[in-house]
Colleague: 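Take a look at this one; I'll ask things after.
Just so you know, these numbers come straight off a predicted model, no measurement behind them.
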Amino acid sequence: MVNSRWTWEENKQFEDGLVEFAGDCPNRWERIAARIATKTAAEVEQHFAVLLDDVAAIESGVIELPEYDESDGFRSPESRKSPNRSEKKQVAPQRKVARPWTEDEHRLFLIGLEKYGKGDWKSISRFMVKSRTAAQVASHAQKYYARQEKEEENKKRRSIFDNTIAETSSSLASNLCR
DNA sequence: CATAGGGTTATTG
DNA sequence: CAATAACCCTATG
């Protein structure tokens, strides 16, 4: 092994690979490793084993994610609004204030996806991302997949606006002198 | 100061 | 229930 350290970028590619090539995918580690220039299939497989160990540790309660205080989950209209303005639509200030996902939560989410499959938000919430409800997990998944699709599109579809001056002028030149 | 991103809530299958 | 749409707040350029 040349370098056993995993950078943030490598980890991200690894996690994306886990999702793209599902658990029963043949040659899984090879294919994931193909996406990570600096890692071999063996290293990927080993990295996954470590991940499972972490999961075991989390599940046995060694690591505890902070459980969010839900009592403070509601927005107070006074908290940030200028008291000056006359009331316009004081409809339902009952919406919960958004709590951004932490990196750890997201990691657990990906592992849960791995273990219970896309769609079983209930199990993922109950056994992996205990700090989030099933609805929150589903919502997170929705955004997660939407974003992935968007990135995929950006890679695939090229607009003419992506052309650089260099490319444009060179092809222009070759087209002009037929 | 508009808007993309990322959350929650409502609606639908 | 899950999937999807609508909605909404906030960070950011």
Colleague: Just the rounded figure in Å: distance from P of B:dG7 to NE2 of A:His106.
Modeller: 10 Å

Colleague: Using whole Å, report how far CZ of A:Arg132 lies from P of B:dG6.
Modeller: 13 Å

Colleague: Going through the checks in order, is the side chain to side chain donor-acceptor pair (under 3.5 Å) test met by A:Gln148 and A:Tyr144?
Modeller: CA-CA 6 Å; A:Gln148 267 202 170; A:Tyr144 174 66; 3.1 Å; yes

Colleague: How long is the line joining CG of A:Asp120 and P of C:dC1, in whole Å?
Modeller: 11 Å

Colleague: In whole Å, what is the span from the OH atom of A:Tyr144 to the C1' atom of B:dG7?
Modeller: 18 Å

Colleague: Has the side chain of A:Lys96 got a donor or acceptor that lies under 3.5 Å from a partner of the other kind on the base of B:dG7?
Modeller: no

Colleague: Test A:Val137 against A:Trp101 for side-chain contact (heavy atoms from CB on, under 4.5 Å), laying out the working first.
Modeller: CA-CA 10 Å; A:Val137 171; A:Trp101 280 60; 4.2 Å; yes

Colleague: Rounded off to whole Å, could you give me the CD-to-C1' distance for the A:Gln136 and B:dG7 pair?
Modeller: 9 Å

Colleague: In whole angstrom, what separates A:Phe109's CZ from B:dG6's C1'?
Modeller: 13 Å

Colleague: Counting heavy atoms from C-beta on, name the nucleotide in C:dA2, B:dG5, B:dG7 closest to the side chain of A:Arg95.
Modeller: B:dG7

Colleague: Just the rounded figure in Å: distance from C1' of C:dA2 to OH of A:Tyr145.
Modeller: 13 Å

Colleague: Can you tell me how far CH2 of A:Trp29 sits from NE2 of A:His47, rounded to the nearest 0.5 angstrom?
Modeller: 10.5 Å

Colleague: How long is the line joining CZ of A:Arg147 and C1' of B:dG7, in whole Å?
Modeller: 14 Å

Colleague: Tell me whether the side-chain N or O atoms of A:Gln142 pair up with the base of C:dA5 as donor and acceptor below 3.5 Å, since no angle test is needed here.
Modeller: yes

Colleague: Considering only side-chain heavy atoms of A:Lys143, which listed nucleotide, C:dT4, B:dG6, C:dA2, is closest?
Modeller: B:dG6

Colleague: When you measure from the side-chain N and O atoms of A:Lys150 to the phosphate of B:dG5, is any distance below 4.0 Å, counting only OP1 and OP2?
Modeller: yes

Colleague: Relative to A:Phe48, does A:Arg28 satisfy both conditions: NZ or CZ under 6.0 angstrom from the six-membered ring centre, and within 45 degrees of the ring's axis?
Modeller: yes

